[in-house]
Number of protein chains: 2
Amino acid sequence: MDTKKRSDCPISSSLDIWGDKWSLLIIRDLMFAKQCTYGDFLKSDEKIATNILASRLLMLETNGLISKQDHPESKAKVLYKLTQKGVDLLPVMIEINIWADKYFTLPLERKAMLVEVKKDKEAFIRNQTAALLKNG
Amino acid sequence: MDTKKRSDCPISSSLDIWGDKWSLLIIRDLMFAKQCTYGDFLKSDEKIATNILASRLLMLETNGLISKQDHPESKAKVLYKLTQKGVDLLPVMIEINIWADKYFTLPLERKAMLVEVKKDKEAFIRNQTAALLKNG
DNA sequence: TATTTGCACTTGCAAAATGCAAGCAAATTT
DNA sequence: AAATTTGCTTGCATTTTGCAAGTGCAAATA
């Protein structure tokens, strides 16, 4: 896991953490599902390799975007959740969706989310943030 | 240049195009400077390698985010500019800056931009978009 | 006019990251 | 007690990145 900053630019510093083809997909899964197990991430359509998943989860945890928690039903399972720092990427995620809505064909469920967003973006972010952070 | 989509997810499709450590820095340079030559990109703090720069510029051009134009003063130079599709990433770029402002130390010039953004985000995007698209 | 410099790349090669398949230990289920 | 699930790790081939040097054309300089 490379750890050196390339410059003082905020865009560059951000990309140093989650600027790759997989990290934002992990964050996406957590934003839509609220919490996921290791196996849940592996089930996503993009089919991330297990070693890459492990290295990304470590990177995101090390940088404070996600946290691990015990699964209430089983010691064999681990729950991953977004921290405040991770949840704060919600506006970025929403803007990417809006951009993609203009230039790609979105799945219906994602279209539905954007309808909600367009009604009142601030409120959507406020509510979704609260939902994601509920229960430590 | 890999060209196959990993899934129908808009986040994934977006990352397929600009989800790497360099593409958004190129777009950043164009958003702040309006237009750049090949050499201008090489001067940025992050010190991109020339072959990577060439491959990213091709990727971004192929996907319609940037375009090449003749330099008005010299046939030896090439000007790169954002297309509408590229300029439309401005809200994403702004949200990344806002996120980074919360978790990193920003350079003063970037702080100043955020002050403007916070006064009226919509207006800032409208004005900046117009400025970037002015003159073919 | 000849020559050097500037500009936008390309090429070759080493190093690092990615992707795939298999393996593994602890917990859970049968 | 044996088989399965879960969250990883390991080994190795393939791909991408990074660095340095080189190329070809335009423009400036001598």
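Just so we're on the same page: letters track the sequence lines, and every chain starts at 1. The figures here come from the full heavy-atom set of this structure, side chains too, leaving out hydrogens, waters and symmetry mates.
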Using a cut-off of less than 4.0 Å, is there contact between a side-chain N or O of A/S74 and OP1 or OP2 of C/dT28? yes
Looking across every strand, which nucleic acid part, if any, lies under 4.0 Å from B/T37 by heavy atom: base, sugar-phosphate, or nothing? sugar-phosphate
If you measure from OG1 on A/T129 to CG on A/D88, what distance do you get to the nearest 0.5 Å? 7.0 Å
In whole angstroms, how far is the C1' atom of D/dT15 from the CZ atom of B/R6? 15 Å
D/dT9, D/dA27, C/dT28: which one has an atom nearest the side-chain heavy atoms of A/A54? D/dT9
Nearest-angstrom distance from the residue atom CD1 of A/I48 to P of C/dA21: 16 Å
B/L42 CG - C/dA8 P separation (whole Å): 8 Å
For B/W22 and D/dT17, is the shortest distance between a side-chain N/O and OP1 or OP2 below 4.0 Å? no
When you get a sec, tell me which of D/dA27, C/dT18, C/dT28 is the closest nucleotide to the side chain of B/A76? D/dA27
If only side-chain N and O atoms of A/K68 are considered, is one of them under 4.0 Å from the OP1 or OP2 phosphate oxygen of D/dC8? yes
Which part of the nucleic acid, if any, lies within reach of B/F41 when heavy atoms closer than 4.0 Å are counted: base, sugar-phosphate only, or nothing? nothing
How many Å lie between CG on A/L53 and C1' on C/dA17, as a whole number? 16 Å
Would a 4.5 Å heavy-atom cut-off, applied to side chains only, mark B/K21 and B/R56 as touching? no
How is A/T50 classified with respect to the nucleic acid when contacts are heavy atoms under 4.0 Å: base, sugar-phosphate, or nothing? base
Please determine whether a side-chain nitrogen of the Lys or Arg among A/K43 and A/D40 lies less than 4.0 Å from a carboxylate oxygen of the Asp or Glu. yes
Would you kindly give the NZ-to-C1' distance between A/K77 and D/dT6, to the nearest whole Å? 8 Å
Over all strands shown, is B/K47 touching base, sugar-phosphate only, or nothing at heavy-atom distances under 4.0 angstrom? nothing
Considering just the side-chain nitrogens and oxygens of B/Y80, establish if one lies under 4.0 Å of OP1 or OP2 belonging to C/dC9. yes
Return no unless some side-chain N or O of A/Y38 is found under 4.0 Å from OP1 or OP2 of D/dT9. no
Interatomic distance, B/L58 CG vs C/dA8 P [rounded to whole Å]: 16 Å
A/K75 NZ: over 12 foreign heavy atoms closer than 6.0 Å: no
I'd like to know if B/K111 and B/E116 make a salt bridge, using a cut-off of under 4.0 Å between side-chain N and carboxylate O. no
Once you round it to whole Å, what is the distance between P of C/dA17 and CD1 of B/I52? 13 Å
Among C/dT28, C/dA8, D/dA26, which nucleotide sits nearest the side chain of A/K75? C/dT28
Between C1' of C/dA16 and NZ of A/K21, the distance in whole Å: 17 Å
Side-chain atoms of A/N51 come closest, of C/dG19, D/dG7, C/dT28, to C/dG19
Check this for me, if you would: do B/E122 and A/K121 make a salt bridge, where the nitrogen-to-carboxylate-oxygen distance has to be below 4.0 angstrom? no
Describe the nucleic acid contact of A/D20 in one word from base, sugar-phosphate, nothing, applying a heavy-atom distance below 4.0 Å. nothing
